[in-house]
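Below: one structure, written as C-alpha coordinates.
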Amino acid sequence: MIKFTGTRAEYGKFYAEIMQKNGHEFYRQINDETLRHQLKIYQKFYPEIIIELENVAKTVGIPSEFMLYEGIAAAVDHWQNRLRPRNHGCTIFAIHEGKNTFVGRNYDWIPAAREFYGVYRMSIGGAHNYFGFSDESVWYRHTGKHLRKPYFVDAVNEDGLYIGLTFSNIDAWGYGLLPPHFIRYIAEKCATTRQALNVFAKIPGAIPKNFLIADAKGDIAVVEHAAKRYSVLRPNERGVLLHTNHCLAPELLKYDCVRERHPGTDTFLRYAEAEFLVNQQLPGFQFTDLWRILRRSHYVYNDTTIWSLALELGSKRFNIYHDTAMGQKQQKFGFGD
(Lines give C-alpha, C1' and ligand atoms only; values in the text may rest on other atoms or scores of the structure.)
Protein backbone atom coordinates (compact mmCIF):
# COMPACT_ATOMS: atom_id res chain seq x y z
CA MET A 1 0.00 0.00 0.00
CA ILE A 2 1.23 3.47 -0.95
CA LYS A 3 0.60 6.12 1.70
CA PHE A 4 0.54 9.88 1.34
CA THR A 5 0.00 12.57 3.98
CA GLY A 6 0.59 16.24 3.21
CA THR A 7 -0.50 19.32 1.28
CA ARG A 8 -1.61 19.64 -2.35
CA ALA A 9 1.78 21.00 -3.34
CA GLU A 10 3.50 18.14 -1.54
CA TYR A 11 1.26 15.65 -3.31
CA GLY A 12 2.38 17.15 -6.62
CA LYS A 13 5.99 16.41 -5.68
CA PHE A 14 5.03 12.91 -4.49
CA TYR A 15 3.11 12.32 -7.74
CA ALA A 16 6.12 13.47 -9.79
CA GLU A 17 8.49 11.15 -7.98
CA ILE A 18 6.21 8.17 -8.66
CA MET A 19 6.12 9.04 -12.36
CA GLN A 20 9.88 9.45 -12.60
CA LYS A 21 10.52 6.21 -10.73
CA ASN A 22 8.26 4.33 -13.15
CA GLY A 23 9.89 5.74 -16.29
CA HIS A 24 6.87 7.85 -17.19
CA GLU A 25 7.16 9.48 -20.63
CA PHE A 26 6.08 13.10 -20.26
CA TYR A 27 4.23 14.99 -22.98
CA ARG A 28 6.25 17.45 -25.05
CA GLN A 29 3.49 18.92 -27.18
CA ILE A 30 0.02 20.25 -26.48
CA ASN A 31 -3.28 21.18 -28.09
CA ASP A 32 -3.72 24.80 -26.99
CA GLU A 33 -7.47 24.91 -27.67
CA THR A 34 -8.28 21.80 -25.65
CA LEU A 35 -6.09 22.95 -22.77
CA ARG A 36 -7.71 26.39 -22.78
CA HIS A 37 -11.22 24.93 -22.47
CA GLN A 38 -10.19 22.45 -19.80
CA LEU A 39 -8.31 25.02 -17.73
CA LYS A 40 -11.43 27.18 -17.49
CA ILE A 41 -13.41 24.29 -16.07
CA TYR A 42 -10.72 23.13 -13.64
CA GLN A 43 -10.01 26.67 -12.45
CA LYS A 44 -13.69 27.05 -11.64
CA PHE A 45 -14.46 23.66 -10.12
CA TYR A 46 -11.26 21.85 -9.13
CA PRO A 47 -8.26 24.21 -8.94
CA GLU A 48 -6.56 21.81 -6.54
CA ILE A 49 -5.66 19.59 -9.51
CA ILE A 50 -3.94 22.53 -11.18
CA ILE A 51 -1.87 23.11 -8.03
CA GLU A 52 -0.83 19.46 -8.03
CA LEU A 53 0.10 19.40 -11.72
CA GLU A 54 2.07 22.64 -11.54
CA ASN A 55 4.10 21.14 -8.72
CA VAL A 56 4.66 17.98 -10.77
CA ALA A 57 6.05 20.15 -13.57
CA LYS A 58 8.26 22.07 -11.15
CA THR A 59 9.65 18.85 -9.65
CA VAL A 60 10.28 17.23 -13.03
CA GLY A 61 11.63 20.41 -14.60
CA ILE A 62 9.26 20.77 -17.55
CA PRO A 63 7.05 23.73 -18.58
CA SER A 64 3.80 23.63 -16.65
CA GLU A 65 1.65 23.70 -19.80
CA PHE A 66 2.95 20.26 -20.80
CA MET A 67 1.95 18.73 -17.47
CA LEU A 68 -1.38 20.57 -17.40
CA TYR A 69 -2.18 19.31 -20.89
CA GLU A 70 -1.28 15.74 -19.95
CA GLY A 71 -3.16 15.88 -16.66
CA ILE A 72 -6.46 17.50 -17.65
CA ALA A 73 -6.69 17.74 -21.44
CA ALA A 74 -4.87 15.00 -23.40
CA ALA A 75 -7.54 12.38 -22.60
CA VAL A 76 -10.16 14.59 -24.28
CA ASP A 77 -8.14 14.64 -27.49
CA HIS A 78 -7.54 10.88 -27.29
CA TRP A 79 -11.27 10.31 -27.00
CA GLN A 80 -12.06 12.62 -29.93
CA ASN A 81 -9.47 10.81 -32.03
CA ARG A 82 -11.04 7.42 -31.23
CA LEU A 83 -8.10 6.05 -29.24
CA ARG A 84 -10.41 3.44 -27.78
CA PRO A 85 -9.03 0.66 -25.59
CA ARG A 86 -9.96 -2.97 -26.08
CA ASN A 87 -13.27 -4.35 -24.88
CA HIS A 88 -13.63 -3.59 -21.17
CA GLY A 89 -15.09 -6.08 -18.75
CA CYS A 90 -15.62 -4.48 -15.33
CA THR A 91 -18.55 -5.43 -13.11
CA ILE A 92 -19.81 -3.45 -10.12
CA PHE A 93 -22.78 -3.74 -7.76
CA ALA A 94 -24.18 -2.52 -4.45
CA ILE A 95 -26.73 -4.04 -2.08
CA HIS A 96 -28.56 -2.42 0.83
CA GLU A 97 -30.32 -4.82 3.17
CA GLY A 98 -31.35 -4.05 6.73
CA LYS A 99 -28.65 -1.82 8.19
CA ASN A 100 -25.89 -3.01 5.87
CA THR A 101 -24.59 -1.61 2.60
CA PHE A 102 -22.35 -3.89 0.56
CA VAL A 103 -20.29 -3.05 -2.52
CA GLY A 104 -18.61 -5.54 -4.85
CA ARG A 105 -16.42 -4.73 -7.80
CA ASN A 106 -14.20 -6.60 -10.27
CA TYR A 107 -11.76 -4.43 -12.19
CA ASP A 108 -10.85 -6.01 -15.52
CA TRP A 109 -8.15 -4.53 -17.71
CA ILE A 110 -5.07 -5.35 -19.75
CA PRO A 111 -2.77 -8.00 -18.22
CA ALA A 112 0.13 -5.55 -17.78
CA ALA A 113 -1.80 -3.72 -15.05
CA ARG A 114 -1.67 -6.80 -12.83
CA GLU A 115 2.06 -6.23 -12.34
CA PHE A 116 1.89 -2.79 -10.80
CA TYR A 117 -1.61 -1.55 -9.92
CA GLY A 118 -1.62 0.58 -6.79
CA VAL A 119 -3.64 0.92 -3.59
CA TYR A 120 -3.18 4.44 -2.18
CA ARG A 121 -4.07 5.72 1.26
CA MET A 122 -4.59 9.44 0.76
CA SER A 123 -4.54 12.13 3.47
CA ILE A 124 -4.42 15.53 1.79
CA GLY A 125 -4.83 18.56 4.04
CA GLY A 126 -8.38 19.93 3.98
CA ALA A 127 -9.91 16.84 2.33
CA HIS A 128 -11.50 13.61 3.51
CA ASN A 129 -9.08 10.72 3.94
CA TYR A 130 -9.65 7.93 1.44
CA PHE A 131 -8.31 4.83 -0.20
CA GLY A 132 -7.85 5.10 -3.97
CA PHE A 133 -7.37 2.16 -6.32
CA SER A 134 -5.32 2.81 -9.43
CA ASP A 135 -4.41 0.85 -12.56
CA GLU A 136 -1.46 3.27 -12.88
CA SER A 137 -2.72 4.52 -16.27
CA VAL A 138 -1.38 1.60 -18.31
CA TRP A 139 -2.09 2.97 -21.77
CA TYR A 140 1.00 2.44 -23.93
CA ARG A 141 -0.73 0.53 -26.71
CA HIS A 142 -3.43 3.21 -27.00
CA THR A 143 -1.48 6.46 -26.78
CA GLY A 144 1.93 5.41 -28.06
CA LYS A 145 3.49 6.61 -24.79
CA HIS A 146 4.75 4.89 -21.68
CA LEU A 147 2.46 6.30 -19.00
CA ARG A 148 2.69 5.23 -15.36
CA LYS A 149 0.97 7.43 -12.83
CA PRO A 150 -1.79 7.33 -10.17
CA TYR A 151 -5.15 7.01 -11.95
CA PHE A 152 -7.93 6.24 -9.49
CA VAL A 153 -10.93 4.25 -10.73
CA ASP A 154 -12.32 3.46 -7.25
CA ALA A 155 -12.25 5.23 -3.92
CA VAL A 156 -13.77 4.78 -0.48
CA ASN A 157 -13.45 7.52 2.12
CA GLU A 158 -13.49 7.77 5.90
CA ASP A 159 -17.22 8.61 5.90
CA GLY A 160 -18.02 5.29 4.23
CA LEU A 161 -18.74 6.82 0.82
CA TYR A 162 -17.71 4.71 -2.18
CA ILE A 163 -17.47 5.64 -5.85
CA GLY A 164 -16.19 3.45 -8.68
CA LEU A 165 -16.46 3.47 -12.44
CA THR A 166 -17.01 1.07 -15.32
CA PHE A 167 -16.28 1.69 -18.99
CA SER A 168 -19.02 3.13 -21.21
CA ASN A 169 -19.38 2.53 -24.93
CA ILE A 170 -21.24 5.78 -25.57
CA ASP A 171 -19.64 7.68 -28.43
CA ALA A 172 -19.62 11.24 -27.09
CA TRP A 173 -17.27 13.76 -25.53
CA GLY A 174 -17.24 17.22 -24.04
CA TYR A 175 -15.11 19.57 -21.97
CA GLY A 176 -15.17 18.85 -18.26
CA LEU A 177 -13.66 16.84 -15.44
CA LEU A 178 -11.92 13.62 -16.39
CA PRO A 179 -13.30 10.40 -14.84
CA PRO A 180 -10.50 9.85 -12.26
CA HIS A 181 -10.91 13.46 -11.13
CA PHE A 182 -14.63 12.89 -10.50
CA ILE A 183 -13.55 9.91 -8.36
CA ARG A 184 -11.09 12.02 -6.39
CA TYR A 185 -13.35 15.09 -6.09
CA ILE A 186 -16.18 13.05 -4.59
CA ALA A 187 -13.90 11.04 -2.29
CA GLU A 188 -12.23 14.23 -1.05
CA LYS A 189 -15.25 16.50 -0.69
CA CYS A 190 -18.39 14.38 -0.16
CA ALA A 191 -19.78 12.27 2.68
CA THR A 192 -23.05 11.05 1.13
CA THR A 193 -24.46 9.86 -2.17
CA ARG A 194 -26.73 12.90 -2.31
CA GLN A 195 -23.71 15.20 -2.13
CA ALA A 196 -22.00 13.17 -4.85
CA LEU A 197 -25.03 13.44 -7.14
CA ASN A 198 -24.99 17.21 -6.64
CA VAL A 199 -21.41 17.19 -7.96
CA PHE A 200 -22.56 15.61 -11.23
CA ALA A 201 -25.39 18.13 -11.43
CA LYS A 202 -23.05 21.13 -11.29
CA ILE A 203 -19.77 19.97 -12.90
CA PRO A 204 -19.53 18.95 -16.58
CA GLY A 205 -17.86 15.70 -17.60
CA ALA A 206 -15.51 15.11 -20.52
CA ILE A 207 -15.67 11.37 -21.19
CA PRO A 208 -18.55 8.86 -20.86
CA LYS A 209 -18.31 6.50 -17.89
CA ASN A 210 -20.66 4.73 -15.49
CA PHE A 211 -20.21 5.70 -11.83
CA LEU A 212 -21.63 3.64 -8.97
CA ILE A 213 -21.98 5.56 -5.71
CA ALA A 214 -22.98 4.16 -2.32
CA ASP A 215 -22.82 5.54 1.20
CA ALA A 216 -22.85 4.09 4.70
CA LYS A 217 -26.57 4.82 5.18
CA GLY A 218 -27.55 2.76 2.15
CA ASP A 219 -28.18 5.46 -0.44
CA ILE A 220 -27.09 3.92 -3.76
CA ALA A 221 -27.06 5.28 -7.31
CA VAL A 222 -25.43 4.81 -10.70
CA VAL A 223 -24.67 7.80 -12.90
CA GLU A 224 -24.54 6.82 -16.57
CA HIS A 225 -22.56 9.78 -17.88
CA ALA A 226 -22.60 10.57 -21.58
CA ALA A 227 -20.40 13.72 -21.40
CA LYS A 228 -23.10 16.26 -22.32
CA ARG A 229 -25.96 14.41 -20.62
CA TYR A 230 -26.37 11.83 -17.88
CA SER A 231 -28.97 9.66 -16.20
CA VAL A 232 -29.28 8.46 -12.60
CA LEU A 233 -30.32 4.88 -11.84
CA ARG A 234 -31.58 3.65 -8.48
CA PRO A 235 -31.73 0.19 -6.82
CA ASN A 236 -34.59 -2.23 -7.41
CA GLU A 237 -37.15 -3.15 -4.77
CA ARG A 238 -34.66 -5.57 -3.17
CA GLY A 239 -32.07 -2.83 -2.68
CA VAL A 240 -29.79 -4.07 -5.48
CA LEU A 241 -28.09 -2.03 -8.21
CA LEU A 242 -25.66 -3.55 -10.72
CA HIS A 243 -23.72 -2.27 -13.70
CA THR A 244 -21.35 -3.65 -16.31
CA ASN A 245 -20.57 -1.94 -19.64
CA HIS A 246 -23.87 -1.41 -21.42
CA CYS A 247 -26.49 1.28 -20.89
CA LEU A 248 -29.49 0.64 -18.67
CA ALA A 249 -31.16 4.08 -18.81
CA PRO A 250 -33.77 4.01 -21.62
CA GLU A 251 -33.00 7.57 -22.68
CA LEU A 252 -29.32 6.71 -23.31
CA LEU A 253 -29.77 3.40 -25.15
CA LYS A 254 -29.69 5.06 -28.57
CA TYR A 255 -26.16 6.32 -27.85
CA ASP A 256 -24.76 2.95 -26.73
CA CYS A 257 -22.32 1.49 -29.29
CA VAL A 258 -21.35 -1.65 -27.36
CA ARG A 259 -22.78 -4.16 -29.86
CA GLU A 260 -21.35 -2.30 -32.84
CA ARG A 261 -17.85 -2.07 -31.36
CA HIS A 262 -17.75 -5.41 -29.58
CA PRO A 263 -20.21 -7.93 -31.09
CA GLY A 264 -18.77 -10.66 -28.85
CA THR A 265 -19.01 -8.63 -25.66
CA ASP A 266 -19.76 -10.46 -22.41
CA THR A 267 -21.25 -7.40 -20.70
CA PHE A 268 -24.76 -8.87 -20.86
CA LEU A 269 -23.59 -12.25 -19.55
CA ARG A 270 -21.72 -10.65 -16.66
CA TYR A 271 -24.71 -8.54 -15.75
CA ALA A 272 -27.07 -11.53 -15.82
CA GLU A 273 -24.71 -13.74 -13.81
CA ALA A 274 -24.07 -11.08 -11.17
CA GLU A 275 -27.81 -10.45 -10.83
CA PHE A 276 -28.51 -14.19 -10.49
CA LEU A 277 -25.77 -14.71 -7.90
CA VAL A 278 -26.84 -11.70 -5.83
CA ASN A 279 -30.47 -12.85 -5.82
CA GLN A 280 -29.36 -16.30 -4.68
CA GLN A 281 -27.96 -14.75 -1.49
CA LEU A 282 -31.06 -12.70 -0.68
CA PRO A 283 -32.50 -12.25 1.84
CA GLY A 284 -29.88 -12.36 4.56
CA PHE A 285 -26.95 -11.13 2.48
CA GLN A 286 -23.62 -11.34 4.31
CA PHE A 287 -20.15 -9.94 3.74
CA THR A 288 -18.78 -13.36 2.75
CA ASP A 289 -21.38 -13.59 -0.04
CA LEU A 290 -19.46 -10.89 -1.91
CA TRP A 291 -16.55 -13.30 -2.40
CA ARG A 292 -18.84 -15.90 -3.96
CA ILE A 293 -20.06 -13.41 -6.54
CA LEU A 294 -16.73 -11.73 -7.27
CA ARG A 295 -14.33 -14.66 -7.29
CA ARG A 296 -16.27 -17.88 -7.83
CA SER A 297 -18.33 -16.73 -10.80
CA HIS A 298 -17.80 -17.79 -14.42
CA TYR A 299 -18.13 -14.47 -16.24
CA VAL A 300 -17.92 -11.78 -13.54
CA TYR A 301 -14.51 -13.15 -12.57
CA ASN A 302 -12.32 -13.87 -15.59
CA ASP A 303 -8.75 -13.86 -16.91
CA THR A 304 -8.62 -10.08 -17.13
CA THR A 305 -9.67 -9.39 -13.52
CA ILE A 306 -6.89 -7.38 -11.86
CA TRP A 307 -8.49 -6.75 -8.48
CA SER A 308 -11.78 -7.22 -6.64
CA LEU A 309 -13.18 -5.08 -3.83
CA ALA A 310 -15.52 -6.37 -1.13
CA LEU A 311 -16.79 -3.56 1.10
CA GLU A 312 -19.33 -3.12 3.88
CA LEU A 313 -19.64 0.61 4.19
CA GLY A 314 -21.35 0.97 7.55
CA SER A 315 -18.86 -1.10 9.53
CA LYS A 316 -15.98 -0.05 7.25
CA ARG A 317 -15.07 -3.67 6.66
CA PHE A 318 -12.92 -3.69 3.52
CA ASN A 319 -11.18 -6.47 1.57
CA ILE A 320 -9.24 -6.40 -1.67
CA TYR A 321 -8.55 -9.58 -3.64
CA HIS A 322 -5.86 -9.62 -6.28
CA ASP A 323 -4.11 -12.07 -8.56
CA THR A 324 -0.41 -12.75 -8.72
CA ALA A 325 1.70 -15.45 -10.33
CA MET A 326 1.19 -17.36 -7.07
CA GLY A 327 -2.60 -17.19 -7.26
CA GLN A 328 -5.31 -15.15 -5.60
CA LYS A 329 -4.44 -13.08 -2.55
CA GLN A 330 -6.64 -11.33 -0.01
CA GLN A 331 -5.82 -8.21 1.97
CA LYS A 332 -7.88 -6.47 4.66
CA PHE A 333 -7.51 -2.72 4.99
CA GLY A 334 -9.04 0.10 6.98
CA PHE A 335 -8.57 3.61 8.30
CA GLY A 336 -7.34 2.31 11.63
CA ASP A 337 -4.34 0.57 10.02
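Just so it is clear, the structure is predicted and the values come from calculations on it, not from any experiment.
At a threshold of 4.0 Å, the pair Glu54-Arg8 does not count as salt-bridged, since none of the basic side-chain nitrogens sits closer than that to a carboxylate oxygen. By the 4.0 Å N-to-carboxylate-O rule, Asp171 lies close enough to Arg261 to be salt-bridged with it. Between Asp219 and Arg194, none of the side-chain N atoms (NZ, or NE/NH1/NH2) sits under 4.0 Å from a carboxylate O, so this pair counts as no salt bridge. Under the 4.0 Å criterion applied to side-chain N and carboxylate O atoms, Glu48 and Lys189 are assigned as salt-bridge partners. Taking 4.0 Å as the cut-off between side-chain N and carboxylate O, Lys99 and Glu312 do not count as a salt-bridged pair.
No side-chain heavy atom of Asn157 sits less than 4.5 Å from a side-chain heavy atom of Asn129. The shortest distance between side-chain heavy atoms of Ile2 and Val119 does not fall below 4.5 Å. In this structure the side chain of Thr267 reaches within 4.5 angstrom of the side chain of Val258, judged on heavy atoms. Between Thr305 and Arg295 there is a side-chain heavy-atom pair separated by less than 4.5 Å. Residues Phe152 and Leu165 fail the side-chain proximity criterion, which asks for heavy atoms closer than 4.5 Å. The side-chain heavy atoms of Thr91 and Tyr271, taken from C-beta on, include no pair separated by under 4.5 Å. The closest side-chain heavy-atom distance from Asn169 to Asn245 is below 4.5 Å. In this structure, Ser308 and Ile320 have side chains that are not in contact, with every pair of non-hydrogen atoms separated by 4.5 Å or more.
Environment of CZ in Arg259: sparse, with no more than 12 heavy atoms of neighbouring residues, nucleotides or ligands closer than 6.0 Å. The environment of CZ in Arg296 is sparse: at most 12 heavy-atom neighbours from other residues, nucleotides or ligands sit within 6.0 Å. The local environment of CZ in Phe276 is sparse, with at most 12 non-hydrogen atoms from other residues, nucleotides or ligands closer than 6.0 Å. Heavy atoms from other residues, nucleotides or ligands lying under 6.0 Å from CZ of Phe335 number more than 12.
Here the side chain of Ser134 pairs no donor or acceptor atom with the backbone of Pro150 at under 3.5 angstrom. With His181 contributing its side chain and Tyr185 its backbone, the two residues share no donor-acceptor pair below 3.5 Å. Although no hydrogens or angles enter the test, the distance criterion places a donor-acceptor pair under 3.5 Å between the side chain of Asn236 and the main chain of Gly239. Checked by atom type and distance alone, the side chain of Gln195 pairs as donor or acceptor with a backbone atom of Ala191 at under 3.5 Å. Of the possible polar contacts, none joining the Arg105 side chain to the Leu294 backbone as a donor-acceptor pair under 3.5 Å is found. No side-chain donor-acceptor contact under 3.5 Å links Gln20 to the backbone of Val60. Asp215 places a side-chain N or O within 3.5 Å of a backbone atom of Lys217 that can act as its donor or acceptor partner. Looking only at distances, no side-chain donor or acceptor of Asp289 sits under 3.5 Å from a matching main-chain atom of Phe285. A side-chain donor-acceptor contact under 3.5 Å links Asn31 to the backbone of Thr34. Between the side chain of Glu224 and the backbone N or O of Leu248 there is at least one donor-acceptor pair closer than 3.5 Å.
Residues Phe93 and Phe102 place their aromatic rings such that the two centres sit no closer than 6.0 Å. A centroid separation of less than 6.0 Å is found between the aromatic rings of Phe333 and Phe131. Aromatic ring centres of Tyr15 and Phe4: separated by at least 6.0 Å.
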>> As a quick check of understanding, evaluate salt bridge (charged side-chain N to carboxylate O under 4.0 Å, His left out) for Glu17 and Lys13, giving each step before the final call.
In response: CA-CA 6 Å; Glu17 290 170 350; Lys13 183 174 184 293; 2.6 Å; yes
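Checked against His246 for a ring pair (Phe, Tyr, Trp, His ring centres under 6.0 Å), the options Phe268, Tyr255, Phe167 give a single hit: Phe268.
Between the OG atom of Ser168 and the NE2 atom of His243 there is a distance of 8.0 Å, given to the nearest 0.5 Å. Taking CD1 of Ile293 as the reference point, atom CG of Asn106 lies at 10.5 Å (rounded to 0.5 Å). The line from OH of Tyr117 to NE2 of His322 is 4.0 Å long, rounded to the nearest 0.5 Å. Taking CG of Leu277 as the start and CZ of Arg292 as the end, the distance is 11.0 Å to the nearest 0.5 Å.
In this model, a donor atom of one side chain and an acceptor atom of the other lie less than 3.5 Å apart for Gln328 and Tyr301. Thr244 and Arg270 form no side-chain donor-acceptor contact under 3.5 Å, judged by distance and modelled atom types alone. With 3.5 Å as the limit, one finds no donor-acceptor pair spanning the side chains of Arg121 and Tyr130.
A cation-pi arrangement is absent between Arg28 and Tyr69, since the terminal nitrogen or guanidinium carbon is not both under 6.0 Å from the aromatic centre and inside a 45° cone about the axis.
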